[in-house]
Amino acid sequence: MASLLILNGPNLNLLGQREPGIYGSATLADVEAVAMEHAKSRGAEAVCFQANSEGTLVDALHAARGTHDGVAFNAGAYTHTSIALHDAIAGIDLPVVEVHISNVHAREAFRHHSQIARVCTGVICGFGMASYTLAIDALLGLIEAKK
Ligand code: DQA
């Protein structure tokens, strides 16, 4: 059974309370429940983890090696700043899909550049909570095609 890591970065623990006009009313627990249920319905497993600090996210990416078959990663604001996360993704031999709830390209200019997109397999943004289920479908498609 394919195993996916659903990795969320800084401030995403505040989903549901944080800028609901942009991020919606679903909490992180809601997002994780939907992701786990969706993976299960596709015959796979989703394991969820959130951290606010960059180093913990680097550690989680390293730990995904040999444990998971792919990662759906919402790096939050570190998307736009973090070379460490770029290097961590580049250093693990796993498909990683960059995920955003909001359409970052329709927002402030500082959100238009991603430091991690270059080393991700693809990017999904702007679909609200569905960005995660779309990323799961994309990852499972890739994993299936590799078999
Ligand atoms: C986000 C977009 C980022 O620009 C922002 O810093 C976030 C959330 C999103 O899911 O839309 O924290 O990654």
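Nothing fancy with the numbering, it's 1 onward along the sequence. Just so it is clear, the structure is predicted and the values come from calculations on it, not from any experiment. Remember, it's 1-based here, ligands and their atoms both numbered in the order they're listed.
The single protein non-hydrogen atom nearest to atom 5 (C) of ligand 1 is Arg111 NH1, 3.2 Å, given as residue, atom name and distance. In terms of protein heavy atoms, atom 11 (O) of ligand 1 is closest to Ser102 OG, 2.6 Å. Protein heavy atom in closest approach to atom 12 (O) of ligand 1: Arg18 NH2, 3.0 Å.
Between Asp93 and Arg65 there is no salt bridge, since no side-chain nitrogen of the basic residue lies less than 4.0 Å from a carboxylate oxygen of the acidic one.
The part of Val104 lying near ligand 1 is the side chain, judged by heavy-atom distances below 4.0 Å. The parts of His100 lying near ligand 1 are both backbone and side chain, judged by heavy-atom distances below 4.0 Å. In Asn11, neither the side chain nor the backbone holds a heavy atom less than 4.0 Å from any atom of ligand 1.
Between the side chains of Tyr23 and Asn11, no donor N or O sits under 3.5 Å from an acceptor N or O. No side-chain N or O of Gln115 forms a donor-acceptor pair with one of Ser82 less than 3.5 Å apart. Checked by atom type, the side-chain pair Asp59/Thr56 shows no donor-acceptor distance below 3.5 Å.
The distance criterion of under 3.5 Å between nitrogen or oxygen atoms is met by Ile101 with respect to ligand 1. Between Asn74 and ligand 1, a contact under 3.5 Å exists for at least one N or O pair. Considering backbone and side-chain N/O of Thr79, none are found under 3.5 Å from N/O of ligand 1.
Under the 3.5 Å distance criterion, the side-chain polar atoms of Tyr78 are left unmatched by any main-chain donor or acceptor of Ala84.
Comparing heavy-atom distances from atom 4 (O) of ligand 1 across Glu108, Glu19, His80 singles out His80 as nearest.
Using cut-offs of 30° and 60° on the angle between ring planes, the pair His80 and Phe110 is perpendicular.
Contact annotation: Tyr78 has no heavy atom less than 4.0 Å from any atom of ligand 1. Distances from ligand 1 to the non-hydrogen atoms of Glu98 include no value under 4.0 Å.
Note: Arg111 CZ to His100 NE2 = 10.0 Å, rounded to the nearest 0.5 Å. Atom OG of Ser131 is separated from atom CD1 of Ile124 by 7.0 Å, given to the nearest 0.5 angstrom.
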